[in-house]
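Okay, structure first, notes after.
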Number of protein chains: 2
Amino acid sequence: MTSISKRDRILDAAEALFAERGFDGVTLRQIASSAGVDVALANYHFGKKLELFNAVFDRRSALLNQSRLEALRKVQAQEGDKGPSVEQIIEAFLRPLELTQETADPGWRHYLALIAYVNNSTYWGKRMMSKLFDDLVQEFIQALRKALPNASDQDLYWCYHNLSGALTLTLAQTERIDALSGGLCRSSDFQAAYDHMIPFVAAGFRQVCGAQD
Amino acid sequence: MTSISKRDRILDAAEALFAERGFDGVTLRQIASSAGVDVALANYHFGKKLELFNAVFDRRSALLNQSRLEALRKVQAQEGDKGPSVEQIIEAFLRPLELTQETADPGWRHYLALIAYVNNSTYWGKRMMSKLFDDLVQEFIQALRKALPNASDQDLYWCYHNLSGALTLTLAQTERIDALSGGLCRSSDFQAAYDHMIPFVAAGFRQVCGAQD
DNA sequence: AATGCCATTCAACGCTTGTTGAAAAATAAG
DNA sequence: CTTATTTTTCAACAAGCGTTGAATGGCATT
């Protein structure tokens, strides 16, 4: 049957609910109820509500950063001195996020939506995004700088901003594209999203950051 | 002195606070306090908290849609039968959002951040975005379809999704790019954002939706 | 001066919230 | 089996929530 600990069930429930309704849109009683435990148990394991939120956010971040960094290192090793292409770098940035949804566990899907929630919020973004993802992002930007030697740093950062925005809306899985396209496209189809996003973003980088080699 | 009505002060305060903390992150007492009025006055003018939220969201939507549609109609009239280019269409989609921040009134800036909040949330997006913005978006997509005659509808919608994501993160003004770039780029600089976003997105559309004419 | 009407405040309601300390149950150690 | 230790529940708290009805104020029209 269900062999996962109550502690983990709280994390799972909180993850799903925070992702859907945000920090303030969810009560500890809703989380406890969804996890099938008493409301006081969340406090026993995690302390205050904010600490539970942080625990949810931290749980999967190391694993995610690691798999993205590995993907980057792999193409870097492949391409040697000349370094990977823009497409390869963006592919390494995005594809690891896709793998996380091939499993039956919906946890990763909820977690990615939570990242979108945090990243799109000034209030939460400042508290959580930089601490956990800045190093990784700078690593990718450094790789892009090498692949686009004519780019100014300003252009590079604005282009990354566009990439980050497109990615964030994808992770949010708002189903807006499902409605707009009349069902032709589906928010849940990360593979289709990245299949389109990678050439789209790569062309954008090249256009703005002018690569003539 | 301050000649704006208390009713409008409530809308302004709610707009700023909802944009920063979301619907559930703000109390009516905070809104009333920020507006300098009694908490019961919000209820008198707008009814329930949710109706106040809707009132805030509706207030500027017609004006915004109108100015974007006018911008599209203008380039359409200019270009006649052959229709406007991808760049012109995207320009018409984005630039009206920039004008709204040239005024000293911070209201529009808060409103755009609120749109970003709603658009990035499944819960609120379904309730509010479609109703107010779908017609306009379909109009722009139709124009893009004409400018990119070889594009499949799927490709077109996914490209629009990327555009919408980049725009949404810009509207959110999270100041993440400020931190990442070490102050080189600023979230508040919509003009720089669109100067980079327009060629970026246009190149993406052309790459994915293959224009060979 | 009196009247009616809208705008605004006051005071309070019932309810839910996050949090806590003590009791109880389950598990591990001796 | 007994004793510690950890996990879980129970019961309750003070605080803050959205909302409401009645009272007050200001401002026209009569």
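Naming: A, B, ... by sequence-line order, numbering from 1 per chain.
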Listed pairs, N/O of protein and of nucleotides 19-21 of chain C, under 3.5 Å:
from   : atom 1 : to      : atom 2 : distance (Å)
C:dT19 : OP2    : A:Lys49 : N      : 2.8
C:dT20 : OP1    : A:Lys48 : NZ     : 3.1

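- Checked against side-chain hydrogen bond (donor to acceptor under 3.5 Å, both in side chains), B:Gln76 has the following partners two or more places apart in sequence or in another chain: B:Arg73.
- Counting only Watson-Crick and G-U wobble pairs whose two key distances fall under 3.5 Å, DNA chain D forms stems of three or more stacked pairs at C:1-30 with D:1-30.
- Evaluation of the side-chain contact (heavy atoms from CB on, under 4.5 Å) rule for B:Asp153 yields A:Leu184, B:Arg145, B:Leu156, B:Tyr157 as partners, not counting sequence neighbours.
- Because its NZ or CZ atom is both nearer than 6.0 Å to the ring centre of B:Tyr123 and within 45° of the ring axis, A:Arg21 counts as a cation-pi partner of that residue.
- A:Lys74 NZ: 12 or fewer foreign heavy atoms inside a 6.0 Å radius.
- Atom CG of A:Leu17 and atom P of C:dT17 are 13 Å apart (whole Å).
- A:Leu41 places its CG atom 13 Å from the C1' atom of C:dA25, with the value rounded to the nearest Å.
- Between A:Lys6 and A:Asp12 no salt bridge is recorded (no basic side-chain N to carboxylate O distance below 4.0 Å).
- A donor-acceptor pair under 3.5 Å is formed between the side chain of A:Tyr117 and the backbone N or O of A:Phe23.
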- Task: Would you sort out whether B:Phe200 and A:Trp158 count as a side-chain contact (heavy atoms from CB on, under 4.5 Å), showing the intermediate values?
- Result: CA-CA 10 Å; B:Phe200 184 99; A:Trp158 276 118; over 6 Å; no
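- In this model, a donor atom of one side chain and an acceptor atom of the other lie less than 3.5 Å apart for A:Gln66 and A:Glu70.
- Using a cut-off of 4.0 Å between Lys/Arg side-chain N and Asp/Glu carboxylate O, A:Lys49 and A:Asp24 are scored as not salt-bridged.
- With a cutoff of under 4.0 Å to any heavy atom of chain B, the contacted region of DNA chain D is bounded 5' to 3' by D:dC17 to D:dT20.
- Residues that satisfy the side-chain contact (heavy atoms from CB on, under 4.5 Å) test with B:Ala14, not counting sequence neighbours, are B:Phe18, B:Ile31, B:Leu52, B:Val56.
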